[in-house]
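In what follows, a single structure is set out as structure tokens and then discussed.
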Protein chains: 2
Amino acid sequence: MTSGMRPVPEDHMAPIGFGDHDHDTCVENALTSAEQLCRENGLRLTPVRRKVLEMLLQEHRALGAYAILDRLREEGFGSQPPVAYRALDFLVRNGFVHKIERLNAFVACSHPGATHSPAFMICRKCDAVAEAQASTAKGSLGAAARAAGFEIERTVVEAEGLCPDCTKKARK
Amino acid sequence: MTSGMRPVPEDHMAPIGFGDHDHDTCVENALTSAEQLCRENGLRLTPVRRKVLEMLLQEHRALGAYAILDRLREEGFGSQPPVAYRALDFLVRNGFVHKIERLNAFVACSHPGATHSPAFMICRKCDAVAEAQASTAKGSLGAAARAAGFEIERTVVEAEGLCPDCTKKARK
DNA sequence: CTTGTCATGTTATTCCATATCATATATCCG
DNA sequence: CGGATATATGATATGGAATAACATGACAAG
Ligand SMILES: [Zn+2]
Ligand SMILES: [Zn+2]
Ligand SMILES: [Zn+2]
Ligand SMILES: [Zn+2]
């Protein structure tokens, strides 16, 4: 996001990837608020970009660029890799989508509009992805960086494991 | 590593990726200690595997699988992708090498033999990589995971930024 | 109208990674 | 030792991720 950033209240920062919620309105709301954010910041949420964001919001999990591309093709958009990658680039640059490096895949941001360095919990069983807030600068990494004189610009924090549902299933 | 694990003293845990050191003996020592660790644990550090580890120790930065493969070819080893990937798989599984997800590349471990969840500092200018210790369970991610009921099995922690050298150069 | 900027489309290529089948080499046991 | 078993390597083929390069269309500013 280029401007108009504001901190988001703490109670909006809870991970939403696990557990139930009204998904239809969840997607609706996210799209509406994305449109508004773009309007406010002079960004163009074009049809392809909007479609990709919508796809990622529909799933609460990561989609690979080629899965996205397949769906774009079905919807009548361009079907070559750059089409997907450019839309994803826009969405990532502006904070609507995050890339999960571990999976080479993309997921919709859970609290867009807020400047934040995200951390992710990735279920290795069901592929669900939940976003939480990383305490970048604090913690041992921040300390090590300061000690070494390393200037952190961006962090990747991804935890892999079992989500609550899959843990329950594994136990029974 | 399958057995014989021991914690490593704290003072061996400092990042060694940035700053000068006697690199030749650094590589020597690491190779020798890898050989010993393998002997102790019934692991087979075969010629290909040893060569790959040596290559990664030579650089204190991440190498892609195909860069590794090129060098293997030059040394008269097999030159097909699986050759490199199998050696890397062995080295990663046994803690001699880490994968840098952000770069889809591999780097030699700075404190092998110790059970540890590594964190990395990656210079975007010169590609140097330093390894530090991540405080996985502590910090906000651990808290979020406990709150959500997510069971962490493995973490990826990678910071991207400028190393001390490149910071100095940028300033002048 | 012209120019510059931004978004989209298309082609081609490069890089990363794995499945599969075949062959060799240890290691174990009778 | 000889044969069974597991492990390691070799080689072929394919799939998936990402970008380079070039062309076209939309649109706003001058
Ligand atoms: Zn986010
Ligand atoms: Zn799950
Ligand atoms: Zn390590
Ligand atoms: Zn640097």
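Values below: all heavy atoms of this structure, side chains included; hydrogens, waters and symmetry mates excluded. Each chain gets a letter, A, B and so on, in the order its sequence line appears, and its residues count up from 1. If you're wondering where the values come from, they're calculated on a predicted model, not measured in any experiment.
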*In whole angstroms, how far is the P atom of C:dC6 from the CG atom of A:L43?*
12 Å

*So, does A:H23 use its side chain to make a donor-acceptor pair with the main chain of A:L57 at under 3.5 Å?*
yes

_A:L69 CG - D:dT19 P separation (whole Å)_ = 14 Å

*Should the pair B:K51-B:E54 be classified as a salt bridge under the 4.0 Å nitrogen-to-oxygen rule?*
yes

_Nearest-0.5 Å distance, CD of residue B:Q80 to CG of residue B:L69_ = 7.5 Å

_Output the rounded distance in Å from CG (A:L72) to P (C:dT10)._
12 Å

*Does the pair A:R86/A:D89 count as a salt bridge with the N-to-O cut at 4.0 Å?*
no

*Does B:E28 have any salt bridge (charged side-chain N to carboxylate O under 4.0 Å, His left out) partners at least two apart in sequence or in another chain, and if so, which?*
none

*Quick one: does B:C38's side chain get under 4.5 Å of B:R49's, heavy atoms only?*
no

*Would you say the side chains of A:Q133 and A:H111 form a donor-acceptor pair under 3.5 Å?*
no

Between protein and nucleic acid, restricted to nucleotides 22-27 of chain C and to nitrogen or oxygen atoms under 3.5 Å apart, what atom pairs and distances do you find?
none

_Using OP1 and OP2 only, check whether a side-chain N or O of A:T46 sits under 4.0 Å from C:dT8._
yes

Would you tabulate the nitrogen or oxygen pairs shorter than 3.5 Å linking the protein to nucleotides 14-20 of chain C?
{"unit_1": "C:dA17", "atom_1": "OP1", "unit_2": "B:K99", "atom_2": "NZ", "d": "2.5"}
{"unit_1": "C:dA17", "atom_1": "OP2", "unit_2": "B:Y85", "atom_2": "OH", "d": "3.1"}
{"unit_1": "C:dA17", "atom_1": "O5'", "unit_2": "B:Y85", "atom_2": "OH", "d": "3.4"}
{"unit_1": "C:dA17", "atom_1": "N7", "unit_2": "B:Y66", "atom_2": "OH", "d": "2.8"}
{"unit_1": "C:dA17", "atom_1": "N6", "unit_2": "B:Y66", "atom_2": "OH", "d": "3.3"}

*Using whole Å, report how far CZ of B:R73 lies from P of D:dG10.*
13 Å

*Main-chain N/O of A:A108 paired to A:H60 side chain as donor or acceptor, under 3.5 Å*: no

*To the nearest Å, how far apart are A:D89 CG and D:dA17 P?*
17 Å

